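Comments concern the structure below.
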Amino acid sequence: MLKTILQKPLLLTLAGSVITALILVFPVLGILQWISMIPIFLGAYLLLEKPILKRGRAYLYGFLTVYVYYFVLYHWFVSLYPLDFVGLEKGAAAFVVAIAWLGLPLLQAIPGGFIFVCYRLIRKTGIFDRAPILRPFAFSALWVIFEWSSTLHWTGVPWGRLALGQIKMLPMLQSASLFGSYFVSFLILAVNGLLAYAIVFSEKRRFCAFMAAGILAGNLGYSVMMRFLPAQERAEDFVCAAVLQPNIGSQEKWSNAEGLTMERCEEFTRKAAEEGAELVVMPETVLPVELTNDDYASGFFSYLAREYDVYLIVGAFYTDANDEEYNALYLYSPDGEMSETVYGKRHLVPFGEYVPMRDFVSLIFPPLADISMLSGDLMPGKDSALFETEWGRVGSLICFDSIYEQLNLDSVRDGADLMVISSNDSWFFDSAAIYQHQAQAQLRAIECGRYILRSANTGISTIIAPNGEILSWIDPLTEGYAVCQVRMLSRNTPYTVVGNLFVFLSIAFCAGLFCVGLVLKKREKQL
């Protein structure tokens, strides 16, 4: 039976892609992720060990493996249809949804195919013949490099981080505070790779099994150790915070729902203040207006802050002195004054907040150029723009920002003692997308050791502890608010200090294997 299965290595890799993607869709199955990628490793070992395999064929295998993984993961694009909130005709909406579902996995698979190509190049140097046990670690490092590459350009979207599959198993995620989510991904890959190695290659099977078990035990042991470390708590570090969820979606928000939005915002701010809230966070563009040019809207938020004696963080638009428009967050202090500091969203959503290569896209795919509800392209924010409060400094992320770990890292390194995320996931209704997006916020909390206040227009709104634990949760498509005590924290996690050093070590490891293999191969020819 096993021999028959191993004779179909491409089917193995694709099956592993499907199973692993489904675990990210249903993270309650997270324990299975520690074996779900065994088929991918089996297929990679068997396919790439063939001496006659060409580079083009290796790339194709890698491309298909990554494409299928993201195709399953992005199934929720279907839930966007019919895109009536942006005014598209049904035919155009179906076209846009199809392009998104088919095209975004394509953009990930194009660089993803090089995982297999690079593995083949390393193997051809003969380094694995001298040290066979390096196989699983080389492939794992290459996958980690691919994950990280998704953060470098607008075409890359790090939505499919393997670490997200452990979001229901928080003890297995705590090592992200050491070297980031890429380190957790590497551990998952290494365990799968070692077990697959034990299946395919007869040598050192017991050693591989013990090493895989050791990685699992060490990862869990770090979490246990962290639980027993004493916390240094001071009364002045605590603040009572609230997140609001008006439950007014994009279509309503842009269709004269200003009165209803204000009504709910005041009701929830009042109730939160009555429960002791001192800091209140509202969603992304809770009112789609430019606050510095809208005296009525700005006066309303000023009134709320003053009347209920709270700091108020509000999502709206902002136009600077050069007439450039930003998706922004404002801070109102308890005296009703608006802070001069305005946070501008740093990583904009392609085709939602701006159109990359607009002229080309308008010519080839006109509906994609028209999908945004905005009249023109927004500009990305330039820095972390921390808000000063009486308890400490507050860092901000807006929606799409939160899936890019570097933005959260920059804010904490700049001195943020607390992080807020204002989001608008109403486009996704109650699909898997909003749960996957929420999970990214939990990763950000663990990486940098900060409480996170996440306020979303229609959900999910949460208050997250530094270990990723959800302290308060507001279900999607419901209106409400959540209040919780959080702490202003200034201590650094190891990841805050070293950043993505682990990625660069992975690059150095793979490059080192290739170079050492070439040198040894050249010496053999000379002898």
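Please read these numbers as outputs of a predicted model, since none were measured by experiment.
Judged by a 6.0 Å distance limit and a 45° cone about the ring axis, Arg120 is not positioned over the six-membered ring of Tyr61.
In this structure, CD1 on Ile40 lies 8.5 Å from OH on Tyr69, to the nearest 0.5 angstrom. Summarising the geometry, atom OG1 belonging to Thr389 is positioned 8.0 Å from atom CG belonging to Asp417; distances are rounded to the nearest 0.5 Å. Separating the OH atom in Tyr45 from the OH atom in Tyr197 is a distance of 8.5 Å, to the nearest 0.5 Å. The CG atom of Leu11 lies 13.0 Å from the CG atom of Leu42; values are rounded to the nearest 0.5 Å. Rounded to the nearest 0.5 angstrom, Tyr343 OH and Asp401 CG are separated by 3.5 Å. Atom CG of Leu22 sits about 8.5 Å away from atom NE2 of His75, to the nearest 0.5 Å.
Looking at every heavy atom in both residues, Val394 comes nearest to Met488 through CG2-CE, 4.3 Å. Here the closest heavy-atom approach between residue Ile463 and residue Cys484 is recorded as CD1-CB, 3.5 Å. Annotation for Glu447 and Gly180: closest pair CG-CA, 4.3 Å, computed over non-hydrogen atoms. Between Gly30 and Met169 the shortest heavy-atom distance is C-SD, 3.5 Å. Of all heavy-atom pairs between Ala109 and Val66, the closest is CA-CG1, 3.7 Å. Residue Pro283 comes nearest to Ser455 through the heavy atom pair N-OG, 3.1 Å, listed as atom of the first residue, atom of the second, then distance.
Side-chain contact check for Met172 versus Val184: every heavy-atom pair is 4.5 Å or farther apart. A heavy-atom distance below 4.5 Å is found between the side chains of Leu279 and Leu453. Looking only at side-chain heavy atoms (C-beta outward), Glu284 and Lys345 come within less than 4.5 Å of each other. Side-chain contact between Ser17 and Val72 is absent, with no heavy-atom pair separated by less than 4.5 Å. Put simply, the side chain of Leu64 does not reach to within 4.5 Å of the side chain of Thr13, judged on heavy atoms. Here the side chains of Tyr182 and Arg161 are in contact, with some heavy-atom distance below 4.5 Å. Using a 4.5 Å cut-off on side-chain heavy atoms (C-beta onward), Trp34 and Asn219 make contact. Two residues are said to be in side-chain contact when any heavy atoms from C-beta on lie closer than 4.5 Å; Phe186 and Leu162 fail this criterion.
Close placement of the Trp76 and Tyr74 rings is indicated, their centers lying within 6.0 Å of each other. Taking the centre of each ring, His347 and Trp154 stay at or above the 6.0 Å mark. In this structure, Tyr119 has its ring center under 6.0 Å from that of Phe128.
Between the side chain of Gln440 and the backbone N or O of Pro158, at least one donor-acceptor pair lies under 3.5 Å. Checking side-chain atoms of His437 against main-chain N and O of Ser402 turns up no donor-acceptor pair under 3.5 Å. Panel note: side chain Ser339, backbone Thr341; a donor-acceptor pair is recorded below 3.5 Å. The main-chain N or O of Gly480 is never found under 3.5 Å from a side-chain atom of Asn247 such that the two would form a donor-acceptor pair. At distances below 3.5 Å, not a single donor-acceptor pair connects side-chain atoms of Arg346 with backbone N or O atoms of Gly381.
Under the 3.5 Å distance criterion, with hydrogens and angles disregarded, no donor-acceptor pair is assigned to the side chains of Glu405 and Trp148. In this structure, a donor-acceptor pair under 3.5 Å is present between the side chains of Tyr495 and Asn500. A side-chain donor-acceptor contact under 3.5 Å links Ser36 and Thr20. Side chains of Ser384 and Asp414: a donor-acceptor N/O pair is present below 3.5 angstrom, by distance only. A donor-acceptor contact under 3.5 angstrom links the side chains of Asn327 and Glu353, judged on distance only.
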Decide side chain to side chain contact (heavy atoms under 4.5 Å, CB included) for Leu102 and Tyr67; before the verdict, give the C-alpha distance in whole Å, the side-chain angles of both, and the deciding distance to 0.1 Å. CA-CA 9 Å; Leu102 297 173; Tyr67 187 88; 3.7 Å; yes

Verify side chain to side chain contact (heavy atoms under 4.5 Å, CB included) between Phe238 and Val486, making sure each step is shown before the conclusion. CA-CA 6 Å; Phe238 285 88; Val486 299; over 6 Å; no

What do the steps show when you test Leu80 against Phe428 for side chain to side chain contact (heavy atoms under 4.5 Å, CB included), and what is the final call? CA-CA 6 Å; Leu80 270 66; Phe428 306 127; 3.5 Å; yes

Test Phe41 against Arg135 for side chain to side chain contact (heavy atoms under 4.5 Å, CB included), laying out the working first. CA-CA 10 Å; Phe41 278 89; Arg135 285 181 176 95; over 6 Å; no

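Evaluated for a ring-ring contact (aromatic ring centres under 6.0 Å, His included) with Phe116, the options Phe139, Trp143, Phe146 yield exactly one hit, Phe139. Screening Gln442, Gln438, Arg444, Gln245 against Arg454 for a side chain to side chain contact (heavy atoms under 4.5 Å, CB included) leaves a single residue, Gln438.
In the displayed structure, Phe504 atom CZ is contacted under 6.0 Å by more than 12 heavy atoms of other residues, nucleotides or ligands.
Under 4.0 Å is where a charged nitrogen must lie from a carboxylate oxygen, and between Asp237 and Arg487 at least one such pair does.
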